[in-house]
Amino acid sequence: MEQTQPIFGIEKLYVKDISVEVPNAPEIYLEQETPQVEIQLNTSGRGLGDGVFEVVLTVTVTATAGEKTVFLVEVGQAGIFRIMNVPEEQLEPLIAVACPNILFPYAREVVSDAVTRAGFSPIVLQPVNFEAMYMQRQEEMASASVPAETTVQ
């Protein structure tokens, strides 16, 4: 008998990429100005065959004080997920929403640890609504495929 129950499982979680830069050290440690922090998130997924997918959540944290970069931390938190017997229309939301939700707490910990090890106060990433990000991306893609000017008669 063929297995038809949906399967969603975590095979492996790992740090795929980590980068820490403090380009203006050691002088930057003497600065008193509170840095401005910018956070960027990016997700990507790819099939590895036979219902196995790699999903990578990349978090980039850039801190600047005036014109100077205080630090730059980039973390690629990845996971290998087994997703089988799931309808095709549900696959993309799983990869774009469910998997990043699982990866995010791990990425948050790695970012905080990396910033601390670089000699700065930890950065605590606020929770992220990956579903809202996914829906916004879907809307942007839908509006991009519709002609800018449409007239109804």
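Side chains are part of it too, since the values below use all heavy atoms of this structure and drop only hydrogens, waters and symmetry mates. Here, residue 1 is the first one in the sequence, and each next residue gets the next number.
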Fill in: Working for side chain to side chain contact (heavy atoms under 4.5 Å, CB included), residues Ile80 and Tyr14
CA-CA 9 Å; Ile80 298 173; Tyr14 56 98; 3.8 Å; yes
Discussion item. Could you walk me through whether Asn129 and Gln136 satisfy the side chain to side chain contact (heavy atoms under 4.5 Å, CB included) test, starting with their C-alpha distance in whole Å, then the side-chain angles of each, then the deciding distance to 0.1 Å, before giving a yes or no?
Written reply: CA-CA 11 Å; Asn129 186 337; Gln136 182 181 351; over 6 Å; no
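In this structure, CD1 on Ile83 lies 11.0 Å from CD on Gln90, to the nearest 0.5 angstrom. A distance of 9.5 Å separates CD in Gln77 from CD1 in Ile18, rounded to the nearest 0.5 Å. If you take CZ on Arg108 and CG on Leu103, they are separated by 12.5 Å, rounding to the nearest 0.5 Å. Interatomic distance, CD1 of Ile123 versus CG of Asp113, reported as 13.0 Å (0.5 Å rounding). The distance from the CG atom of Leu48 to the CZ atom of Phe81 is 11.5 Å, given to the nearest 0.5 Å. Separating the CD1 atom in Ile102 from the CG atom in Leu13 is a distance of 7.5 Å, to the nearest 0.5 Å.
Open room surrounds OH on Tyr106; 12 or fewer heavy atoms of other groups in view lie less than 6.0 Å from it. Summarising the local packing, CZ of Arg82 is surrounded by more than 12 heavy atoms from other residues, nucleotides or ligands at distances under 6.0 Å. Other residues, nucleotides and ligands contribute at most 12 non-hydrogen atoms within 6.0 Å of the CE atom of Met135. Residue Gln138 qualifies as enclosed at atom CD: its count of foreign heavy atoms under 6.0 Å is above 12.
Across every non-hydrogen atom of Val73 and Ala114, the tightest pair is CG1-CB, 3.9 Å. Val110 and Val15 get closest at one heavy-atom pair: CG2-CG2, 3.8 Å. The two residues Gly47 and Phe53 have their closest heavy-atom pair at CA-CD2, 3.5 Å. Smallest separation of non-hydrogen atoms from Val20 and Ala118: CG1-CB, 3.8 Å. Taking each heavy atom of Leu57 and Pro100 in turn, the nearest pair found is CD2-O, 4.1 Å. Here the shortest heavy-atom pairing between Lys16 and Ala78 reads CB-CB, 3.9 Å.
Residues Val56 and Glu54 form a side-chain contact, since some pair of their non-hydrogen atoms from C-beta on lies under 4.5 Å apart.
Between the side chain of Thr116 and the backbone N or O of Ser112, at least one donor-acceptor pair lies under 3.5 Å. Looking at Asn85, its side chain does come within 3.5 Å of a backbone N or O of Gln5 through a donor-acceptor pair. Asn101 places no side-chain N or O within 3.5 Å of a backbone atom of Phe130 that could act as its donor or acceptor partner.
At a threshold of 4.0 Å, the pair Lys68-Glu31 counts as salt-bridged, since one of the basic side-chain nitrogens sits closer than that to a carboxylate oxygen.
When the side chains of ILVMFWY residues are joined at heavy-atom separations under 4.5 Å, either directly or via intervening members, Ile39 and Val115 end up in a single hydrophobic cluster. Leu125 and Val37 fall within a single hydrophobic cluster, where Ile, Leu, Val, Met, Phe, Trp and Tyr side chains are chained together by heavy-atom contacts under 4.5 Å. A continuous path of ILVMFWY side-chain contacts below 4.5 Å connects Phe71 to Tyr29, so both sit in one hydrophobic cluster. If you chain together hydrophobic residues whose side chains sit under 4.5 Å apart, Leu94 and Ile10 fall into the same group. Under the 4.5 Å side-chain heavy-atom criterion for ILVMFWY residues, a single connected hydrophobic cluster contains both Leu41 and Val111.
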